[in-house]
Structures are given as C-alpha cells and as structure tokens.
Amino acid sequence: MNDWKSTVWQEKARHKPHRCYIRDEIEEIIKEENIDRTRFHEFSKFTYKDIIRKFYYNFHDYKNFTPSQISLYYKFMHLRDNLKVHYIDCFFRTDNWVEYMETVKAEISHITEKMYLILEQGWIYEGYVNEIFDVLIQSNCGWTTDCYIVSSKFDWFIAMSHIEDNATMYRKR
C-alpha cells in the first residue's frame with residue numbers, strides 16, 4: 001500500500017480493535033489487487049468455529065495440554081509429537097518479506113485445491129495458493145502475526161510464527 005493509504009488505515013485502526021483492523025486491511029487488499037472472491041474470501045462466520053476445532057483437534061496435543069479455550073497463538077499451540085516437521089525458511093535469512101513468502105509458497109505451489117488461511121486473531125479465509133500469498137505478500141509483514149495455511153483435508157499445515165520469524169510445515173505421519 002502507498003504511504004497515504006497506510007496513514008489512513010492507521011487512523012481508522014485507532015478506533016477499532018486490532019483484530020478488526022486486520023480483517024479490514026485484508027478486505028482492502030482484496031479490492032486493490034482485484035482478487036477474485038471465488039478464489040479467496042473470508043470463510044463463513046457461521047461455521048468458522050468448526051474449522052478452528054478441526055484444526056485444533058487434528059494437530060494439537062489436547063490429551064496432555066487441555067486449555068480452557070482454544071488458542072491460535074503459536075507459542076501456546078502444543079503440537080502432537082508424532083507430526084512430521086519440515087522447516088521451510090526463516091525471515092531473517094534475507095530480511096526480505098516477499099522473498100520469504102515466495103519461499104514458503106514454493107513448498108505448496110503444486111497444490112490445486114482450496115485451503116484455509118487461519119489468522120491468530122480467529123479470522124479464517126478460504127482460497128487457493130496464489131491468492132493466499134498475494135494477500136500475505138501485500139500485507140508486507142505489517143499485521144501478520146501467527147498464521148496457518150491449512151490443507152482442506154487437515155493432513156498438513158504451515159505455521160508462520162512471528163516469535164521465531166519462521167515457517168514450518170507439519171504433516172500427519
């Protein structure tokens with residue numbers, strides 16, 4: 001986004017909770033980049049909790065770590081020990097957001113099915129690889145904290161954590 005729009009969004013954000021600002025910015029990116037809403041869109045507000053539960057119960061070690069509520073904050077995601085782990089990249093390797101996102105995208109660029117983008121703040125989007133990464137690249141690291149790209153079959157996911165500034169793929173064995 002250009003500087004003027006960033007300033008306008010920052011002004012609007014002062015009057016909204018941070019999690020709503022993120023949703024508004026994604027909406028603005030969709031409009032600016034002319035992203036086809038059949039290829040990337042916010043997931044249904046009526047059933048998004050089902051997706052979060054499926055994500056949680058497929059990958060979280062809920063038998064040993066039973067939280068009072070489901071957390072999407074990577075630091076508190078106690079993942080199962082039996083997941084296959086593949087480290088993709090670290091942002092600090094290049095300090096270049098676009099290159100970092102392109103490296104992560106390359107891991108799943110062959111996948112043709114829709115997948116989910118789950119943000120730590122609870123927003124869920126459904127879309128295809130190119131459109132998901134168009135949005136993530138345009139975010140330019142401004143609001144992206146912890147987010148997950150999850151297979152629609154819930155057999156793998158990529159976690160992008162702002163704490164470690166890295167991207168890691170987890171697969172069921």
Open item on the list: Tell me whether H86 contacts the main-chain N or O of M169 through its side chain, where contact means a donor paired with an acceptor under 3.5 Å.
Closed with: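 Not at all, since once roles are kept as given, no pair shorter than 3.5 Å links the two residues.
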
Open item on the list: Looking at Y148 and E120, would you say the former's side chain and the latter's main chain have a donor-acceptor pair under 3.5 Å?
Closed with: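 The answer is no, because no donor-acceptor pair under 3.5 Å joins these two groups.
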
Can you sort out the partners of [X] under side-chain contact (heavy atoms from CB on, under 4.5 Å), two or more places apart, ordered by chain and number?
X: F46; value: S44
X: R93; value: D89, E99, T103
X: R173; value: K84

TODO: Tell me, please, which residues at least two apart from K45 pass salt bridge (charged side-chain N to carboxylate O under 4.0 Å, His left out).
DONE: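 Expected list: E42.
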
Open item on the list: Under the rule for salt bridge (charged side-chain N to carboxylate O under 4.0 Å, His left out), what residues qualify as partners of D61, not counting sequence neighbours?
Closed with: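 D61: no salt bridge (charged side-chain N to carboxylate O under 4.0 Å, His left out) contacts found.
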
Of all residues at least two apart in sequence or in a different chain, which pass the side chain to side chain donor-acceptor pair (under 3.5 Å) check with [X]?
X: K114; answer: none
X: E102; answer: none
X: R171; answer: none
X: K172; answer: N58

How long is the span from the [atom1] atom in [X] to the [atom2] atom in [Y], to the nearest 0.5 Å?
X: L117; Y: W123; atom1: CG; atom2: CH2; result: 13.0 Å
X: I26; Y: I35; atom1: CD1; atom2: CD1; result: 10.0 Å
X: I149; Y: K105; atom1: CD1; atom2: NZ; result: 10.5 Å

Please enumerate all residues that pass ring-ring contact (aromatic ring centres under 6.0 Å, His included) together with [X], with sequence neighbours excluded.
X: F43; value: Y116
X: F40; value: Y125
X: F133; value: none

Task: More than 12 heavy atoms of other groups within 6.0 Å of D81 CG - done: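 Not buried by this count: 12 neighbours or fewer within 6.0 Å.
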
Task: Lys/Arg N to Asp/Glu carboxylate O, E27 vs R37, below 4.0 Å - done: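 Looking at E27 and R37, the cut-off is met.
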
- [ ] Give the cluster check for I108 versus Y128: same hydrophobic cluster or not, with ILVMFWY residues linked at side-chain heavy-atom distances below 4.5 Å.
- [x]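 No; Y128 is not reachable from I108 via cluster members.
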
